[in-house]
Amino acid sequence: MTRPGRDFFEKPGIEVARGLLGKILVRKTGGGIISGKIVETEAYIGEEDLASHARFGKTARNRVMYGPGGFLYIYLIYGIYFNLNIVAAQESVPEAVLIRALQPVAGLELIKENLEKFGRVRADRNLMKGPGKLCVALDLDKSFYGEDLASSKRIWIEDAGEAPRIEASPRIGIDYAGAFREKPWRFTVSGNSFISK
DNA sequence: ACATGGATTCGCT
DNA sequence: GCGAATCCATGTT
């Protein structure tokens, strides 16, 4: 297992979104290791992408998107859930990849504990399907904003050497995005049952 | 300051 | 497959 370095992330967002599929996201908590295979991603590409948080330019919230690739962009959505993004492309180019679903690999008990703690989410179904639940399962919060995947000791990516077959489709939940609504920038591992839809 | 609205989820059909 | 709840951080759209 090798850990992708800065160069892996400092490529166009679409390439990173595809490249992340089949890789393992590892989270080290006080209780142990949680890990999952990335099976669903979405790319958000630049200020002209009307679905992207960068569409209004640089703000306090999205500033990390304008930094170098490989850092985490985490934000609160609907007042309750966090979403996990990985910044792509080079400094000053605001691109990011939303992680939408993981296939559990290790730490199933910890995942269930985290979901139970959250209360709203039942622990017995669809463990890491959907970006909000995935963050609950991994016990991620605002303190991970700006975390560096290339050097962090509590969250990182490992390359399992897999090159899965990939399908592209329109992104989820962005009906407001006008001409960008139909862009096929959502990527899934072909035939995998752990994707969110 | 504060109204706004959302890169969702769940539960019901 | 669809509709509605939910609620706080964000940007002032």
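Residue numbering restarts at 1 for every chain, and letters A, B, ... go by the order of the sequence lines.
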Quick one: [X] [atom1] to [N] [atom2], roughly how many Å, whole number?
X        : N      : atom1 : atom2 : result
A:Tyr81  : C:dT10 : OH    : C1'   : 20 Å
A:Tyr145 : C:dA9  : OH    : P     : 15 Å
A:Ile174 : B:dG5  : CD1   : P     : 18 Å
A:Ile77  : B:dT8  : CD1   : P     : 6 Å
A:Lys133 : B:dG11 : NZ    : C1'   : 13 Å
A:Phe82  : B:dT9  : CZ    : P     : 14 Å
A:Ile80  : C:dA4  : CD1   : P     : 17 Å
A:Phe118 : C:dC7  : CZ    : C1'   : 11 Å

- request: Could you tell me whether A:Arg154 sits above the aromatic face of A:Phe144, with NZ or CZ closer than 6.0 angstrom to the six-membered ring centre and within 45 degrees of the axis?
  value: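 Yes, a cation-pi geometry.
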
task: Specify whether A:Tyr73 and A:Tyr145 have parallel, tilted or perpendicular ring planes, treating 30° as the upper limit for parallel and 60° as the lower limit for perpendicular.
output: perpendicular

message: Just to be sure I understand: a Watson-Crick pair is purine N1 to pyrimidine N3 plus N6-O4 or O6-N4, both under 3.5 Å. Using that and G-U wobbles, which stems of three or more pairs involve DNA chain C?
response: B:1-6 with C:7-12, B:8-12 with C:1-5

field: Sequence neighbours excluded, every pair satisfying salt bridge (charged side-chain N to carboxylate O under 4.0 Å, His left out) that has a member inside residues 89-111 of chain A
entry: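 As it turns out, the salt bridge (charged side-chain N to carboxylate O under 4.0 Å, His left out) pairs with a partner in residues 89-111 of chain A, which skip direct neighbours, are A:Glu40-A:Arg100, A:Glu42-A:Arg100.
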
Under the side chain to side chain donor-acceptor pair (under 3.5 Å) test, residues paired with [X] that sit two or more places apart:
X        : value
A:Glu162 : A:Lys37
A:Thr29  : none
A:Asn192 : A:Gln103
A:Glu182 : none

First of A:Gly79 and A:Arg55 reached from the 5' end of DNA chain C, by closest nucleotide: A:Gly79

- request: Linking directly or through intermediates, with side-chain heavy atoms under 4.5 Å: list the remaining ILVMFWY members grouped with A:Tyr44, chain and number order.
  value: A:Leu98, A:Ile174, A:Tyr176

Residue list, side-chain contact (heavy atoms from CB on, under 4.5 Å) with A:Thr2, at least two apart or on another chain: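 Partners of A:Thr2 by the side-chain contact (heavy atoms from CB on, under 4.5 Å) criterion, ordered by chain and then number, come out as A:Asp159.
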
- request: Just jot down the side-chain contact (heavy atoms from CB on, under 4.5 Å) partners of A:Ser190, sequence neighbours excluded, or say none.
  value: A:Arg165, A:Glu167

Partners passing ring pair (Phe, Tyr, Trp, His ring centres under 6.0 Å) against A:Tyr66 (at least two apart in sequence or in another chain):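 So A:Tyr66 forms no ring pair (Phe, Tyr, Trp, His ring centres under 6.0 Å) with any residue.
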
- prompt: Can A:Tyr75 be called stacked on C:dA9 when the rule is centres closer than 5.5 Å and an angle between planes below 30°?
  reply: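 Stacking between A:Tyr75 and C:dA9: absent.
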
- prompt: For DNA chain B, what residues of residues 165-173 of chain A have any heavy atom nearer than 4.0 Å?
  reply: A:Ile172, A:Gly173

message: Within residues 86-101 of chain A, which residues have any heavy atom lying less than 4.0 Å from an atom of DNA chain B?
response: A:Leu98, A:Arg100

Kindly say if [X] contacts the phosphate of [N], meaning a side-chain N or O under 4.0 Å from OP1 or OP2.
X        : N     : result
A:Lys142 : C:dC8 : no
A:Arg61  : C:dA9 : no
A:Lys129 : B:dT8 : no
A:Tyr73  : B:dA7 : no

task: Using the P atoms only, state how far C:dT12 lies from B:dA7, rounded to an integer number of Å.
output: 14 Å

query: Where the side chain of A:Leu76 is concerned, which of B:dC10, C:dG11, C:dA9 is the nearest nucleotide?
result: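 Nearest to the side chain of A:Leu76 among the choices is C:dA9.
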
statement: Side-chain atoms of A:Asn83 come closest, of B:dC10, B:dG6, B:dT8, to B:dT8

task: Report yes if some heavy atom in the side chain of A:Asn85 is under 4.5 Å from a heavy atom in the side chain of A:Tyr75; otherwise report no.
output: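 A:Asn85 reaches A:Tyr75 side chain to side chain.
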
